[in-house]
Amino acid sequence: MSGERASVDDALAEVANDLAGEFRLQPLLERILRSAVELLGCRSGSLCLIDQVSQTYRKEIDLDEGCQAGRVFSLEEGCTGAVARAGKPVVFEHYAQVRNGHIRPDEPRYRRAVIGVPILLRTRLIGACIVFAATDERRFDDADAQLLQRFATHAAIAIANSRLHTEASERTRAAAVAAERERAMLEVHDSIGRGLATVTLRIAAAHAAASRGEDPLPALALAQQAAQETMNEGRRAVWGLGPAGMAGRPIEVSIGLELDWVQATSELAPTFRVFGDSQPLAKNVETQVLRIVQESLTNVVQHARASMVRVGLVYGSDGIALIVEDDGCGFDPESAGTRGVGLPGLVARAAQVGGRVRIDSTPGWGTRIRADLPYRGQVNGAADGPRLRIVVLHPLPAMRAGLVRLLDQSEPGVQVVAEVGEVGPAVEAIRLLRPDVVLAGTSQPDAPAADLVAALQSASAGVGVVGVIDPGAPEAQVRDWAAAGVRGFVQADVDATSLGRVVIGVARGDVLVVGDVLAQLGGLPALDGDRLTGRESEVRGLLEQGLADKQIASRLGISVKTVEKHVSAVLRKGGVRSRTELLARA
């Protein structure tokens, strides 16, 4: 008896494990039915789902019973119908006793016993498990009914889980469809709205010319041209081809063309300024920046009655900021926020790439729109985007837990993929998981800084190492870590915002040192500027500002490879081994 009970428990445990990770209904139900049939010493059976509304049932699984899976029958038929009418387990000594059965009299099972139990979801009947005896002598009793009922309970759980999973998937698909519909609507609104505004202005100019006794045909010709361009842009939006205004041009040039449109279609003379060093933008970010500019300028032209409009583009350390200001009639953001698609569209566009929009406006005093977006789309925002992978290496468990918690608080776009306390396991984790950044405590026992950093970087080329300086760490230790080539430092008492900024910056290729670390790195000999060429001196000055190679190349108008050569020369002539050590001497 104990062995039989163990077999039942083992079978139920295996079924329960399947329920934990499998949401496809057919394989689960087949596994459940097959386990029940085997434990009852039988070979055939069926599992049916009942539809009480239509008074029918559908055979979902059919084991050795004539391949009737998928067929639908009335609840007035078969053993499943008998279970539905009884609302409890049913046992027949011979299948011949089943009303309106589906087995022919010439089949062996027609003379054999059959048992059926209900599948109940709470108190609602949703199906039935049926098992046929394998021999003429086999009879089913209450113990068999109890065992089969336990498997029927697992079947009910599987059905419920599958339905919940299906509903969740349908909701996800519906949300994705709604988001895509909103995106398409915004694209059409941008294209058609701007085009119609141009056509309207051209027709108004034709009316004005006619009222002055002048020839209106030039203005009408421009209106016709604008209408054709609007039609083309609408087609591009519907076909999902993206904004035609980009055409591979830098974002500054595309914004300049939009301002040309404003000047050509209104009496405004817009101004445009760029602040900071130009940074590459992800394609989706670039598209949304241009669309936000277009929508903002369209609102100014159509509604603001402004005499001035300014556009600014600010390249910051964490992302790009777009500012559009006018001195027009303004509006009340509280009452206008849900009207039309213009203002909500700006917010939705920024949110699509993990950014945000702030709209400040007062009736009679103009409007200021600021959009802040990350350079690489979802890096700091939504979970849909690729997340930066981080490995935390520190000998103290409390420090590891604290660093993980700080990153969770500050950067949703960061994922800690491993927490380790020793160098050996850290190297293996880096080799296996390929993180973007390693946060490593500088007080590693029996691990010289140069050897440790070299081991970490050799495990994955390009990984950025950030040193976490423990309280009381000697200056010599910190200098050794700087010389070893780490790309950033933070104190052990760093706050969440600063830690997140350093991790993101190092992943992007910057050199970042936060807090009082520079003071700890002091006392090193100064670089001999006389040994550097003029260009190398320029590169050195920009390196000391913490600029990356691409930024230096953009500032000096040279290639990135040329910058890399100058950087190597600066480090070699200065007797330093890393940018961090150079930054410490600045």
Any side-chain heavy-atom pair of [X] and [Y] under 4.5 Å:
X	Y	value
Ile390	Val503	yes
Ile430	Pro435	yes
Val423	Val427	yes
Ile359	Val357	yes
Leu499	Val468	no

Residues at least two apart in sequence or cross-chain that pass side-chain hydrogen bond (donor to acceptor under 3.5 Å, both in side chains) with Arg368, listed by chain then number, are Glu325

Contacts of Arg85 meeting side-chain hydrogen bond (donor to acceptor under 3.5 Å, both in side chains) (sequence neighbours excluded), chain-then-number -> none

Item to check | Electrostatic pair Arg109-Asp136, nearest N-O below 4.0 angstrom | outcome: no

| task | Identify whether the distance between the nearest side-chain nitrogen and carboxylate oxygen of Asp360 and Arg358 falls below 4.0 Å. | result | yes

Practice task
Decide side-chain contact (heavy atoms from CB on, under 4.5 Å) for Ile50 and Leu75; before the verdict, give the C-alpha distance in whole Å, the side-chain angles of both, and the deciding distance to 0.1 Å.
Solution key: CA-CA 8 Å; Ile50 293 174; Leu75 282 180; 4.0 Å; yes

Look only at the side chain of [X] and the backbone of [Y], and say whether a donor-acceptor pair between them is shorter than 3.5 Å.
X	Y	answer
His394	Gly441	no
Arg138	Gly41	no
Tyr95	His102	yes
Asp372	Gly355	no
Ser460	Leu456	no
Asn100	Glu76	yes
Arg112	Ala134	yes
Gln149	Pro118	yes
Ser361	Phe331	yes

Measure across [X] and [Y] and return the closest heavy-atom pair with its distance rounded to 0.1 Å.
X	Y	value
Leu29	Ala158	CD2-CB, 4.4 Å
Tyr375	Gly319	OH-O, 3.2 Å
Leu281	Ile251	CD1-CG2, 4.3 Å
Ala82	Val90	O-CG1, 4.0 Å
Tyr57	Gly81	CE2-N, 4.2 Å
Leu393	Gly421	CD1-C, 3.9 Å

Can you tell me how far the [atom1] atom of [X] sits from the [atom2] atom of [Y], to the nearest 0.5 Å?
X	Y	atom1	atom2	result
His154	Ile159	NE2	CD1	13.0 Å
Leu439	Met399	CG	CE	9.5 Å
Cys79	Arg99	SG	CZ	12.5 Å
Glu295	Leu290	CD	CG	12.0 Å
Phe151	Ser35	CZ	OG	5.5 Å
Thr135	Arg43	OG1	CZ	8.5 Å

In short, ring pair (Phe, Tyr, Trp, His ring centres under 6.0 Å) pairs touching residues 103-131 with sequence neighbours left out are none

request  = Determine, stepwise, if the pair Leu313 / Ile255 fulfils side-chain contact (heavy atoms from CB on, under 4.5 Å).
outcome  = CA-CA 9 Å; Leu313 203 61; Ile255 292 176; 4.0 Å; yes

Task: Pair Ile115-Phe132, side-chain contact (heavy atoms from CB on, under 4.5 Å): steps then yes or no - done: CA-CA 7 Å; Ile115 183 174; Phe132 297 88; over 6 Å; no

Side chain to side chain contact (heavy atoms under 4.5 Å, CB included) test vs Val293 passes for just one of Leu322, Ile369, Thr298, namely Leu322

The side chain to side chain contact (heavy atoms under 4.5 Å, CB included) partner of Ser46 among Ile61, Ile130, Leu63, Val131 is Ile130

Tell me yes or no: between the side chains of Ser296 and Asn299, is some donor less than 3.5 Å from an acceptor?
no

Notebook entry, point to check: Is it the case that Arg291 and Gln288 place a side-chain donor and acceptor less than 3.5 Å from each other?
Noted result: no

Note to self: Taking CG in Asp142 as the centre, count heavy atoms belonging to other residues, nucleotides or ligands within less than 6.0 Å. Is the count above 12?
What the structure shows: no

Has Glu422 got more than 12 heavy atoms of other residues, nucleotides or ligands less than 6.0 Å from its CD?
no

**Asked** Given the rule in the side-chain contact (heavy atoms from CB on, under 4.5 Å) test, do Gln52 and Leu125 qualify, once you have shown the distances and angles that lead to the verdict?
**Response** CA-CA 8 Å; Gln52 294 280 24; Leu125 179 67; 3.6 Å; yes

| How far apart are the C-alpha atoms of Arg58 and Glu60, what are their side-chain angles, what is the distance that settles it, and do they pass the salt bridge (charged side-chain N to carboxylate O under 4.0 Å, His left out) test? | CA-CA 6 Å; Arg58 183 180 188 273; Glu60 292 294 324; 2.6 Å; yes

